[in-house]
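Notes to accompany the following structure.
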Amino acid sequence: MNWNAWIPLLVVASSMLPGLIIFNLAEHRIRLRTALNLIGALVKLLLVGWMLWGVYNEHIFETRLALLPNLDIVLRAGPWSLFFVTLSTVLWLITTIYAIGYLEGSPHRSRFFGFFSVCVSATVGVALSGNLITFLLFYELLTLSTYPLVVHRGTEVARRAGQVYLNYTIFGGALLLLGTVWLYTLAGTLEFTPQGFLQTLDEAHHPALIAIFVLLVSGLGVKAALVPFHGWLPQAMVAPAPVSALLHAVAVVKAGVFGIVRVVYDIYGVDFASDLGVTDPLAWLAAITIIYGSLRALYQDDLKRMLAFSTVSQASYITLGVAIASPIATIGGAVHLLHQGLMKITLFFCAGNLAETLGIHMVSEMNGVGRRMPWTMAAFTIGAFGMIGVPPIAGFVSKWYLGLGALEIGKEWVVIVLAGSSLLNAAYFLPILHRVWFQEPTHPWPEERSFGNQETAWALLIPPILTALMALGAGVFATGSFSPLVWAQLIAQREFHQP
Amino acid sequence: MEVNWGVVLILLPLIGGIACFLYPRLVKILGVLTSFALVLSVAGLGWQIKINDIYRHSVGGWDAPLGIELYADGLSLLMLSATALVGLGISVYSVGYFDREDSSRFWPLWLFLIAALNALFLSADIFNLYVNLELMGLTAVTLAALTGSRDALSGSMRYLLATLLGSLVYLLGVALLYHGFGSMDIGILSVRVESSPVAWVALGLISTGLLLKTALFPLHFWLPAAHANAPAPVSALLSALVVKASFYILFRLWLKIFSPISEGVEMIFGLLGSMAILWGSLQALRQTRLKLLVAYSTVAQIGYLFLSFPLAISGVATAWSATAYLILSHALAKAAMFLAVGNILCFGVHDRIAGLDRVVQRLPLTASAFALAGISIMGLPPSGGFIGKWLLLEAALTKGRWDLVVVIILGGLMAAGYVFKVLGNAFTPSSEPHKSRPVPACMEWASLLLALGAILLGFFVSPVSSLLDMGSPFDISGVRP
Amino acid sequence: MNLAVHYTLVGVGLFSLGLYALIVHTHLLRKILAINVMGSGVFMMLVALAKRNGEAPPDPVPHALVITGIVVAVSATALGLSLMLKLNKETGSAELPEDQQE
């Protein structure tokens, strides 16, 4: 019995099953719910670890289930999949702890954690997909399971934000579906193959392939918050902080970006895409998004909205890395997937802490909060510096590689974009840091909750510190033998040379 | 001992119906037992077909053309299974829904309707189809009028007139076919029919009559009122099964007799189907009451079934399987949806969409049922509706029919619009909270299980396909060009 | 043959008259009568069909169809009439509500 064939499916099931059970638990069964959540997260972590070790030793992990004649549902562990899956799994564990602390005493927690778990299963499914139809399936499942989380609070504002979210994501899903079916009718297969599988098609199909690329990237670009499809992301900030933290900063947005990565590398192949002429427009779009997102962030007073626009901007770094067809830029883009995840989640955790502990939602209310919540603000500072690109935090490493990769193939304008973006990031983060650490509070905190001698609850305090340290570590130990950077280099190798 | 499952499938509900009429106190038990027995009988028939490839039986030993012959292949089996499964769900639901007085009227009629449906799906000649069509129509009309309210009565009156008109037009077509080609038997006709004015007029008449009964745009005017004003289980059976029966006849006749001689009529079907999708979805979006929204959704979904005609006749055979898939998933999903709406009505006494006071929290099973059914209706993965939509899109793209592609995608988007209009309001409290009544568990579970069926259909494509292929219903090679 | 053609034409005529009446008249009793007239038209055509092979005995199959059709028409008429009566009791008029507004 080939156990390895079932591991990818088990990874998905490890959060789906607890999720389905949690739906049926009564509100007060806190301990059982917490236990289920944590057990699921740990099991998933173990399975992922096993896959990591296995792939390192050249084992194959692939689950294949027939869907339609000639089309299977495929879950496979490869370098890209494991990269994303590990990030999601580790961050899910941390976010679960955070969510438990954040939602303490709130209504409808069973419903929340149920959908939360289904959501993570969908993300993991997206990560482990081995072909475009499996990707599509889990991608849509992600839309469906995040909707209840956005409207969780049940207010009219939440309902409308949910409506906007749906309008964008369902539309994107329709574009993705159309592109997928069309591609299937032309190519006969949808399997992700390193360096792509479309080069063999007849030249007469090239216009259709370009149209399909536009459809696929547009559909994926909605979740990836690519301009002009980014409108839902700031609106979705009405959801509770744990939702914003994991899902919108990490899982949903990353799923969209990951999809673009897959399309460019494993369906079209970077060189073929470049020949078709589609990578340059993508690069420009990514660059516009980077600058636009940063500019909008400058004008926000609401902290979470500002972070949302920052995500819009940062997610496109990865897209940019993909669209610049060079190995070093690929490394930069790949590693930024992980780094951005760590840094952004730290920032959202801190924003959540401020809201939960002190009732702070606006930047203008943050004066002097560094003295009241030093640990949280220290984590925030690390995250902020990482966003700006200050060494030795992780963000610097990704920007460095992106810049190098661009220079390597003669696209100097990218470096200007990167520098400009760093300046803009500094422009909106540094004033906040100044406010937080060096200014006196102008009025009492909006709604303070006391936690005894600590600045806030343990469950709210540990996660941001942990992720901030990870962001720091990813940067400082970038050249170590198991760092994300080395992994990214392995990925780039597979995409640009013979496997 | 070989059991004659086809005869069982017809006699069992007939006897059950009569028994319910004679013993009103036992209706619920009799009804549910009969439904359950029907599921087993369909399984038995399926087993028989698997071994023999088709099922054929001459009733009373009299062969065609004078006698009545029963015939079943993969497609018939699919329809029979849909009837049995959805029927079981509706029966279980109705145990909790109707009070004693309404029960004594509902159950006999419901069982007679099932008998008519089963007989229809087992028919092998066009006149027997007429008879069963009438049986079905009359019972359906009566069921639609069950509540006795003004809206129900006028809705079912219009339904009666429309269905009678449709049958008469159909009968005229049958008469012409017999006049031209000398037989009522579908198999014999499929060989004899050739292009000629008689055949074309017959095609036109039969198709028109059946289109009226299937409520394809623009002949759909009777459907929303009839389906929305009936009691919830009746709405479910009308939308899920009854309109599919007349479509099945159209489907079958086109597969066997009309496809080679069609001369472009299938293009009209494609056009009307597209308009049905767009118009029905648009109207559904505008509704303020739940039941009307779901009824207009049926009008739209019926349009999808007709999109496969132009595709399949121009050569893509998988388009026919797409239709079969859509029939089955829609039957399950739409029944689940109407039953869920019935729960909401039972719970809160009104069905205004804006006032769906936090239904998600107070009726989680029902809300899940509606959501899952909605996923299939929207054509999102994983569900039977997604598979059907995928197959249709594949066929349309292969043939370069971009008009159909756009319609299918738009239809999906609009369906998402109206499904989430309901779900979005189901999370929020309404401005005037209303008192609630408890909903029996069997009602909630019936709707949820049917909805799950629609979703699971998305995972079992292979078994369903091999079931469909038994007896090669889609093979038109035996037909004269 | 002439007789058969004659019957067929009358049948077509009845059918058309019935259809016109069904669409135009608003009173339900008239609509039900119209359906019956249309039915009779179709039955006449079927009877005409039975006699098409000249001197030979008429084809019994269409006759069987007509008898079945008559039975169905009677049941349907009964149902329609009782619905109409109930509607009249509920609303005080024997016309469909939308038709009344015109």
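Throughout, a chain's letter reflects where its sequence line sits, starting with A, and its residues are numbered from 1.
Of all non-hydrogen atoms in C:G80 and B:L160, the two that sit nearest each other are CA-CD2, 3.3 Å. Shown here for C:S75 and B:L138, the closest heavy-atom pair between the two residues is CB-CD1, 3.9 Å.
With a 4.5 angstrom heavy-atom cutoff, C:L46 touches chain B only via side-chain atoms. In this structure, chain B has heavy atoms under 4.5 Å from both the backbone and the side chain of C:L87. Proximity to chain B involves both the backbone and the side chain of C:M38, based on heavy atoms less than 4.5 angstrom apart. For B:A145, the part lying under 4.5 angstrom from a heavy atom of chain C is the side chain only.
A distance of 9.0 Å separates NZ in C:K31 from CE in B:M157, rounded to the nearest 0.5 Å. Rounded to the nearest 0.5 angstrom, C:F15 CZ and B:L171 CG are separated by 9.0 Å. One finds the CG atom of B:L164 at 5.0 Å from the CD1 atom of C:I35 (value rounded to the nearest 0.5 Å). We find the CD-OG distance between C:E90 and B:S149 to be 7.5 Å, quoted to the nearest 0.5 Å. Separation of atoms OG (B:S156) and NZ (C:K86) is listed at 9.5 Å; rounding is to 0.5 Å. Summarising the geometry, atom NE2 belonging to B:H179 is positioned 7.5 Å from atom OG1 belonging to C:T8; distances are rounded to the nearest 0.5 Å.
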Practice task
Test side-chain contact (heavy atoms from CB on, under 4.5 Å) on B:L161 and C:L28 and set out the steps.
Solution key: CA-CA 10 Å; B:L161 292 172; C:L28 283 174; 4.2 Å; yes

Problem - Test log, rule side-chain contact (heavy atoms from CB on, under 4.5 Å), inputs C:L65 and B:Y178 - result: CA-CA 11 Å; C:L65 305 192; B:Y178 182 72; 5.7 Å; no

Exercise for the section: Take B:Y130 and C:V72, measure what side-chain contact (heavy atoms from CB on, under 4.5 Å) needs, and give me the verdict at the end. Expected result: CA-CA 10 Å; B:Y130 168 73; C:V72 171; 4.1 Å; yes

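No side-chain heavy atom of C:L83 sits under 4.5 Å from any side-chain heavy atom of B:Y159. Contact of the B:F127 side chain with the C:V61 side chain is not registered, since no non-hydrogen atoms from C-beta on lie closer than 4.5 Å.
The most heavy-atom pairs under 4.5 Å with chain C, out of B:L135, B:V131, B:L165, come from B:L165. With chain B as the partner, the residue from C:V42, C:L19, C:V71 showing the most heavy-atom pairs under 4.5 Å is C:V42.
For C:Y20, the OH atom counts as loosely surrounded, since its 6.0 Å shell holds 12 or fewer non-hydrogen atoms of other residues, nucleotides or ligands. Residue B:R105 places its CZ atom among more than 12 non-hydrogen atoms of other residues, nucleotides or ligands, all under 6.0 Å distant. The local environment of CH2 in B:W200 is crowded, with over 12 non-hydrogen atoms from other residues, nucleotides or ligands closer than 6.0 Å.
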